[in-house]
Amino acid sequence: MTKSNTRTVTIFGADGATGEHLVAQSLTRGFQVRGIVHEGAEALESRGGLTWHNADVFSDPLGDIVNGSTAVLSALGVANDVPTLLDPPPLYTEGTARICDAMKEVGVRRLVVISASFVETVNRGPLAFKLTAVPALARVFAQMADMESQLRDTDLDWTAVRPGWLMDGACTDDYVVQPDAIPEDLIRTRHGDLAHLMLTCVEDGSWISATPAIARAEENDDQAIEEIIDEMAP
């Protein structure tokens with residue numbers, strides 16, 4: 001493993017909704033950032049502290065990409081369209097497993113990934129939400145559960161952060177964090193807050209071998225949940 005005094009984070013899925021917040025917040029916190037995207041890195045702007053790299057987590061060698069990292073963060077996720085949700089690619093299982101193998105190969109230990117509070121319990125939100133939105137993502141949640149099981153079998157310093165239903169929004173830093181599942185009266189999590197917690201776990205070494213759940217009360221929660229139900233209804 002390359003030795004360095006520089007704090008470097010490698011972020012998979014760095015061009016996604018949470019990944020973009022991870023990149024921006026990492027730079028603000030003084031990290032050197034390797035942004036990993038599936039394709040198109042050449043068109044993205046590298047600047048002080050930030051470089052972009054292409055990698056297919058299913059087929060490309062990942063050892064050189066993660067080598068020398070202080071931590072690896074995975075913001076990999078599947079598209080939220082019905083065909084993909086019915087047959088999601090194994091990003092959480094095979095993709096995360098290949099990242100773990102690469103980390104072990106080069107001696108990098110700290111890993112933070114995104115899971116979901118619904119892996120622990122689907123008993124959150126109104127009945128209509130539980131009957132429409134949650135079943136639509138059942139296969140994704142099952143894959144996340146398998147990913148967590150795989151992580152428990154590694155000797156890495158891993159954290160699987162479990163948000164509620166993700167929404168656009170900048171970091172507030174006034175979210176609720178508790179073990180395993182979000183509070184019963186909350187349902188949503190901002191991408192910016194999720195990124196903030198993931199980086200906090202890296203910086204202070206918290207929640208190792210654990211599944212912290214994160215959510216926040218938002219304005220117009222009822223209206224937002226109705227829109228989610230309409231979007232996910234068959």
Side-chain angles (χ1 to χ4, degrees), residues 1-81 84 88-115 147 151 156-161 163 166-171 189-203:
M1 175 179 173
T2 300
K3 299 296 183 181
S4 173
N5 292 325
T6 302
R7 299 192 309 164
T8 300
V9 289
T10 299
I11 302 171
F12 287 88
D15 56 345
T18 301
E20 290 180 348
H21 287 279
L22 280 171
V23 169
Q25 292 182 33
S26 295
L27 292 171
T28 298
R29 294 192 187 202
F31 286 100
Q32 299 287 310
V33 178
R34 298 174 190 163
I36 314 303
V37 297
H38 183 256
E39 58 185 4
E42 302 80 6
L44 299 172
E45 180 185 359
S46 294
R47 55 187 188 274
L50 169 64
T51 57
W52 293 98
H53 309 267
N54 292 321
D56 185 326
V57 295
F58 295 129
S59 60
D60 289 340
L62 303 178
D64 287 344
I65 289 174
V66 302
N67 190 22
S69 301
T70 305
V72 175
L73 301 104
S74 176
L76 295 173
V78 300
N80 199 29
D81 60 274
T84 301
L91 277 173
Y92 300 102
T93 48
E94 292 182 24
T96 302
R98 293 200 76 244
I99 291 171
C100 290
D101 288 344
M103 292 173 63
K104 295 173 188 177
E105 175 188 331
V106 298
V108 176
R109 293 197 51 80
R110 190 68 173 110
L111 173 66
V112 183
V113 304
I114 299 172
S115 183
M147 172 189 68
L151 290 173
L156 296 176
D157 296 329
W158 62 270
T159 303
V161 180
L166 285 167
M167 59 174 284
D168 291 334
C171 174
T189 306
R190 294 185 178 213
H191 289 288
D193 285 339
L194 174 57
H196 185 270
L197 176 59
M198 293 174 74
L199 286 167
T200 298
C201 289
V202 169
E203 288 195 317

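The shown structure was predicted, so the numbers you read here are calculated from the model rather than taken from an experiment. Counting begins at 1 with the first residue of the sequence.
- Here Arg110 pairs with nothing under the salt bridge (Lys or Arg N to Asp or Glu O under 4.0 Å) rule; sequence neighbours left out.
- Considering all non-hydrogen atoms of both residues, Gly63 and Val106 come closest at O-CG1, 3.6 Å.
- Contact record, Gly13 with Ala75: O-CB, 3.9 Å, taken as the closest heavy-atom pair.
- Rounded to the nearest 0.5 Å, atoms CD (Gln32) and CG (Leu50) are 9.5 Å apart.
- Considering all non-hydrogen atoms of both residues, Ile36 and Ala55 come closest at CG2-CB, 3.6 Å.
- A distance of 7.5 Å separates CD1 of Ile65 from NE2 of His53, quoted to the nearest 0.5 Å.
- The two atoms that bring Ser115 and Pro163 nearest to each other are O-CD, 3.3 Å, heavy atoms only.
- Considering OG1 of Thr159 and CD1 of Ile114, their distance stands at 12.5 Å, rounded to 0.5 Å.
- In this structure, Thr189 has no side-chain hydrogen bond (donor to acceptor under 3.5 Å, both in side chains) partners at least two apart in sequence or on a different chain.
- For Arg109, the side-chain hydrogen bond (donor to acceptor under 3.5 Å, both in side chains) test picks out Asp157, with sequence neighbours left out.
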What donor-acceptor contacts under 3.5 angstrom involve side-chain atoms of residues 21-29, with partners at least two apart or in another chain?
{"from": "Gln25", "atom 1": "OE1", "to": "His196", "atom 2": "N", "distance (Å)": "3.3"}
{"from": "Gln25", "atom 1": "NE2", "to": "Gly192", "atom 2": "O", "distance (Å)": "3.0"}
{"from": "Ser26", "atom 1": "OG", "to": "Leu22", "atom 2": "O", "distance (Å)": "2.6"}
{"from": "Thr28", "atom 1": "OG1", "to": "Ala24", "atom 2": "O", "distance (Å)": "3.1"}
{"from": "Arg29", "atom 1": "NH1", "to": "Thr200", "atom 2": "OG1", "distance (Å)": "3.4"}
{"from": "Arg29", "atom 1": "NH1", "to": "Glu203", "atom 2": "OE1", "distance (Å)": "2.8"}
{"from": "Arg29", "atom 1": "NH2", "to": "His196", "atom 2": "O", "distance (Å)": "3.2"}
{"from": "Arg29", "atom 1": "NH2", "to": "His196", "atom 2": "NE2", "distance (Å)": "3.1"}
{"from": "Arg29", "atom 1": "NH2", "to": "Thr200", "atom 2": "OG1", "distance (Å)": "3.3"}

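- With rounding to the nearest 0.5 Å, the separation of SG in Cys201 from CG in Leu199 is 9.0 Å.
- Residue pairs meeting the side-chain hydrogen bond (donor to acceptor under 3.5 Å, both in side chains) criterion with at least one partner in residues 93-108, sequence neighbours excluded, are absent.
- Shown here are the side-chain hydrogen bond (donor to acceptor under 3.5 Å, both in side chains) partners of Ser74, two or more places apart in sequence or in another chain: there are none.
- Summarising the geometry, atom CZ belonging to Phe12 is positioned 11.5 Å from atom CG belonging to Leu91; distances are rounded to the nearest 0.5 Å.
- Rounded to the nearest 0.5 angstrom, Thr10 OG1 and Leu73 CG are separated by 8.5 Å.
- Of all non-hydrogen atoms in Ser46 and Trp52, the two that sit nearest each other are OG-N, 3.4 Å.
- Inter-residue side-chain proximity for Val37 and Asn54 is flagged as met; some heavy-atom pair is nearer than 4.5 Å.
- Partners of Ala17 under the side-chain contact (heavy atoms from CB on, under 4.5 Å) rule, at least two apart in sequence or in another chain, are His191.
- Every residue was checked against the side-chain contact (heavy atoms from CB on, under 4.5 Å) condition with Glu20, not counting sequence neighbours, and none meets it.
- Under the salt bridge (Lys or Arg N to Asp or Glu O under 4.0 Å) criterion, Arg190 pairs with Glu218, not counting sequence neighbours.
- Residue Leu151 comes nearest to Trp158 through the heavy atom pair O-NE1, 3.1 Å, listed as atom of the first residue, atom of the second, then distance.
- Among residues at least two apart or in separate chains, there is no salt bridge (Lys or Arg N to Asp or Glu O under 4.0 Å) pair with a member in residues 42-69.
- With contacts defined as side-chain heavy-atom distances shorter than 4.5 Å, the pair Val113/Tyr92 does not qualify.
- Residues Ile99 and Leu76 meet the side-chain proximity criterion, which asks for heavy atoms closer than 4.5 Å.
- In this structure the side chain of Val9 reaches within 4.5 angstrom of the side chain of Val33, judged on heavy atoms.
- Remark: Ala79 engages Asp81, Thr84 in a side-chain contact (heavy atoms from CB on, under 4.5 Å) (not counting sequence neighbours).
- Listed by chain and residue number, Leu62, Val66 satisfy the side-chain contact (heavy atoms from CB on, under 4.5 Å) test with Ala102 (two or more places apart in sequence, or in another chain).
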